[in-house]
Amino acid sequence: MTFSHNGAAGATLATGGSSFITLEQFIIEREAESPGSKGQFSRLLRDMAVAAKMVERDVRKAGLVDLFGETGEINVQDEEQKKLDVLAHEAFVRALRRGGEVCLIGSEEHAEAIPLLFDDCQGKYVVLFDPLDGSSNIDVNISIGTIFSIYRIPDDHVGKVTIESALQCGRQQVAAGYIVYGSSTILVYTTGNGVNGFTLDPSIGEFLLSHPDITTPDRGNIYSINEGNYNSWEPGLKEYIKWMQQEAPDDAPARPYTTRYIGSFVADFHRNLMKGGVYIYPANTRNPNGKLRLMYEANPMAFIVEQAGGRAETGNGPILDVEPEALHDRCPVYIGSPAMVEDALAFLSGERTSRD
Ligand code: P6P
């Protein structure tokens, strides 16, 4: 099934038809557009896609392994089946180590950054990722995902990379993407020239271009936030949510908002990107900097949403402008349709109230 820019379903995907574009072909075609490219970056993107297919395979069977413990490869020396997010972490590390284009990895599953300096690695790229976002949802069959962010290190850091080489603000990203392991598996990424989505066709093991040139609607009718934290929100945020829940005054256009909150950022983000909406994980009394991680959740999604015409803010400025201090920094997140993020900022500042 092909999709128009706003994700509306269209005619049948030409997998059985005359033409479809695989992720590999797309990457090669786009590489041709960057003169002087030696292909390292393209190989890196392909390595990420290989790892994504391995994780997809494990995610699809994890429920069975969890439930019955009799299918899937359970290593007999390993008393406990490895948690799926550790398996996902290892799949990406293995693929990136083998590829040789990456000199440093940062993962949500690893306290410290992982330098790949063996054999005098001359890799120029850093990959930061959340191998399996929302993994607590896997045993109830709710969509989960992988989020990644790619930086190029300064030339004078090659061969002696440290975590400081990776702590660059989000605007410096050379690529960002995510994979949603949902009703189907889709890989969405940007290299700064728009956003494209590829759906995995398991029958041929290829990601096929299914969502070309994704743009997000200026406004949607969905807001995504954990309302269980209501009492810990700042007043302006309470006003914003109350405003969306109210009937519009007779002389104003109706406010047809609805709430959708999956508990997997990557799934909530993807739905809102395609349909329009805003996802909010604010600072609150329990999480003074919010819950989401700056370097491998907020930044990559901010890069993608801005490339798709959306907006991504902390409440005190654009997410992409935050200067990181450590690999696992957190930040508040207001992300999605630009008009809805702007509404949120106006309520946070007190410029608007629910009585407007
Ligand atoms: P809460 C998953 O743990 C995650 O990092 C995001 O994927 C998700 O949106 C959020 O946390 C859910 O957090 O506090 O609402 O359960």
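Remember, it's a predicted structure, so these values are computed and weren't measured experimentally. In listed order, ligands and their atoms are each counted from 1. Computed from heavy atoms alone, side chains included, the values below leave out hydrogens, waters and symmetry copies.
For atom 14 (O) of ligand 1, the closest heavy atom belonging to the protein is Y281 OH, 2.6 Å. Scanning the protein for heavy atoms near atom 9 (O) of ligand 1, the closest one is Y279 OH, 2.7 Å. Among protein heavy atoms, the minimum distance from atom 3 (O) of ligand 1 is reached at K291 NZ, 3.5 Å. Looking from atom 12 (C) of ligand 1 to the surrounding protein, the closest heavy atom is Y261 OH, 3.3 Å. Nearest non-hydrogen protein atom to atom 4 (C) of ligand 1 is D133 OD1, 3.9 Å.
Contact between D268 and ligand 1 is absent, with no heavy atom of the residue lying under 4.0 Å from the ligand.
The nearest non-hydrogen atom to atom 2 (C) of ligand 1, considering only S264, S224, G263, G228, comes from G263.
Polar contact check, F265 against ligand 1: a nitrogen or oxygen pair lies under 3.5 Å apart. Remark: ligand 1 and N226 share an N or O pair separated by less than 3.5 Å (distance only, no angle test).
Under the side-chain hydrogen bond (donor to acceptor under 3.5 Å, both in side chains) criterion, the residue pairs touching residues 260-271 are N137-S264, Y178-H270, S224-R271, T258-R260, D268-R271, with sequence neighbours excluded.
In L292, the part holding a heavy atom less than 4.0 Å from any atom of ligand 1 is the side chain.
None of F20, F207, F26 except one satisfies the ring pair (Phe, Tyr, Trp, His ring centres under 6.0 Å) rule with F198; the exception is F26. Residue F347 is tested with W233, W243, Y334 for a ring pair (Phe, Tyr, Trp, His ring centres under 6.0 Å); the sole match is W243.
For the salt bridge (Lys or Arg N to Asp or Glu O under 4.0 Å) test, residues two or more places apart in sequence or in another chain that qualify with D321 are R171.
Between F269 and F265, the two ring planes are perpendicular [angle over 60°; tilted spans 30° to 60°].
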| message | Checking T22 against E206 for the side-chain hydrogen bond (donor to acceptor under 3.5 Å, both in side chains) test, could you report, in this order, the C-alpha distance in whole Å, the side-chain angles of both residues, the deciding distance, and whether it holds? | response | CA-CA 6 Å; T22 67; E206 290 283 3; 4.7 Å; no
| task | Run the numbers on K53 and E56 for salt bridge (charged side-chain N to carboxylate O under 4.0 Å, His left out), then give the verdict. | result | CA-CA 5 Å; K53 292 181 203 173; E56 194 271 345; over 6 Å; no
